[in-house]
Amino acid sequence: MRHSSLASFFDFPCVYDCGNQKVMESLLLGADRTCLESLTPGEMCSRRVWSHSTPSVTVTELDLVRGVLQAMQGLSSPFILWDQTGQTFLSKTTEIRVSHLSRTSLHALLSPFLYAATCLKLVECILAGINNNSPPTLMAFSNSVSAWLQKLRDISLNEEVKINDSTLTLTPTLLGLTSSLSSLCSGAEYLLQVVRGAIPHAYFDSSYTISTAEVAVHVLDFLYKKLDQVCLVQGGEVV
């Protein structure tokens, strides 16, 4: 059974209700049509901040580090929340204050993490629309992506375990996470690109009929081309 609600993920990547697995159709007419991949992390987060005026609250950088690590695992925290309407992670940068960081610095440090966390969450939502009745090739692809999604999120989980170690002598910082989570951030964006490219857009469009064979050809052809891009072969040897 195809899920027409997921068709919007490819043209409007931030309007799919992951929790309820349906499109919020009333939002489509007024949705921002700028796709996630056309935004830099800074641009994305500058559009997705809480704008209402409330007194600022001073928090520790450790609190934000925990929030970032939880967002990478698809979870909300008191200061970093998943916005179901906008389908993106939001930071309450207008409501919180870190004593040694300006608001601009705080925003710049959080932006790449929010972008990566959003990529992973969108992958999770797309996979939620693929069920046991899907074509075998698509199911196999979905299972593989799911394993990679968990592998990336485990990096964040392991970092969270480390900072909760009572014997830890150094206080974790957002700048420190930039190094330790570099592979996670780059992997999150790439995984979303692969998922969007490998799954035929028409598969989630109920008005269009696509056969199992067509789905298989599209998925395998895309993956072959991606493999050819990253793994050049000369004379039968990988270089």
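Just so you know, these numbers come straight off a predicted model, no measurement behind them.
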Legend entry - Closest non-hydrogen atom pair, C185 against P112: SG-O, 4.3 Å
Inset, instruction - Take L90 and I80 through the side-chain contact (heavy atoms from CB on, under 4.5 Å) test and state the conclusion after the steps. - result: CA-CA 6 Å; L90 305 174; I80 299 177; over 6 Å; no
Inset, instruction - Show your reasoning for whether side-chain contact (heavy atoms from CB on, under 4.5 Å) applies to V215 and T137. - result: CA-CA 8 Å; V215 172; T137 303; 5.5 Å; no
Inset, instruction - Rounded to the nearest 0.5 Å, what's the gap from CG on N143 to CE on M139? Could you check? - result: 4.5 Å
Inset, instruction - Show your reasoning for whether side-chain contact (heavy atoms from CB on, under 4.5 Å) applies to E159 and S180. - result: CA-CA 8 Å; E159 286 296 321; S180 60; 3.9 Å; yes
Legend entry - Inter-residue atom distance H107.NE2 - S102.OG, 0.5 Å rounding: 11.0 Å
Legend entry - Pairwise side-chain contact, V194 with L223, heavy-atom cut-off 4.5 Å (strictly under): yes
Legend entry - Minimum-distance pair of heavy atoms, taken over all atoms of P172 and I163: CG-CG2, 3.3 Å
Inset, instruction - State, yes or no, whether a side-chain contact exists between L106 and L174 at a heavy-atom distance under 4.5 Å. - result: yes
Legend entry - Distance-only side-chain donor-acceptor flag, Y115 / T88, under 3.5 Å: no
Inset, instruction - Identify which one of L127, L220, I199 satisfies the side-chain contact (heavy atoms from CB on, under 4.5 Å) criterion when paired with F141. - result: I199
Inset, instruction - Can you see which heavy atom on S183 is nearest to which on S186, and at what distance? - result: O-OG, 3.2 Å
Inset, instruction - Would you name the heavy atoms of P135 and Y203 that are closest together and state the gap between them? - result: CD-OH, 3.5 Å
Legend entry - 4.5 Å side-chain heavy-atom contact, V59 and V98: yes
Legend entry - 4.5 Å side-chain heavy-atom contact, L64 and F79: yes
Inset, instruction - May I ask you to decide if M72's main-chain N or O and R153's side chain share a donor-acceptor pair within less than 3.5 Å? - result: yes
Inset, instruction - For the residue pair C125 and Q87, establish whether any side-chain heavy-atom pair is separated by less than 4.5 Å. - result: yes
Legend entry - Salt-bridge contact E61-R66 (side-chain N to carboxylate O under 4.0 Å): no
Inset, instruction - For the pair S134 (side chain) and N131 (backbone), establish whether a donor and an acceptor sit closer than 3.5 Å, ignoring hydrogens and angles. - result: yes
Legend entry - Nearest-0.5 Å distance that lies between atom CD1 in I210 and atom CZ in F204: 10.5 Å
Inset, instruction - Taking the side chain as every heavy atom from C-beta outward, state whether F89 and D83 have any pair of such atoms under 4.5 Å apart. - result: no
Legend entry - Shortest non-hydrogen separation from L69 to S156 and the atoms involved: O-OG, 2.6 Å
Legend entry - Nearest-0.5 Å distance, OG1 of residue T58 to CG of residue D63: 11.0 Å
Inset, instruction - Rounded to the nearest 0.5 Å, what's the gap from OG on S146 to NZ on K151? Could you check? - result: 13.5 Å
Inset, instruction - Would you confirm whether S142, through its side chain, and L138, through its main-chain N or O, come within 3.5 Å as a donor-acceptor pair? - result: no
Legend entry - Common cluster, L62/L75, ILVMFWY with side-chain heavy-atom separation under 4.5 Å: no
Inset, instruction - Report yes if the side chains of L120 and E124 come closer than 4.5 Å at any heavy-atom pair, otherwise no. - result: no
Legend entry - N/O donor-acceptor pair under 3.5 Å between Q150 side chain and A147 backbone: no
Inset, instruction - State yes or no: do V217 and V195 share one hydrophobic cluster built from I, L, V, M, F, W and Y residues joined by side-chain heavy-atom distances below 4.5 Å, directly or via other members? - result: no
Legend entry - Closest heavy-atom pair and its distance - Q73, L157: OE1-CD1, 3.6 Å
Inset, instruction - Can you measure from CG (L109) to OG (S91) and round to the nearest 0.5 angstrom? - result: 11.0 Å
Legend entry - Check: R196 and Q193 side chains under 4.5 Å, non-hydrogen atoms: no
Inset, instruction - Indicate if Y190 and L122 have the same hydrophobic cluster label, given that clusters are the connected sets of ILVMFWY residues with side-chain heavy-atom separations under 4.5 angstrom. - result: yes
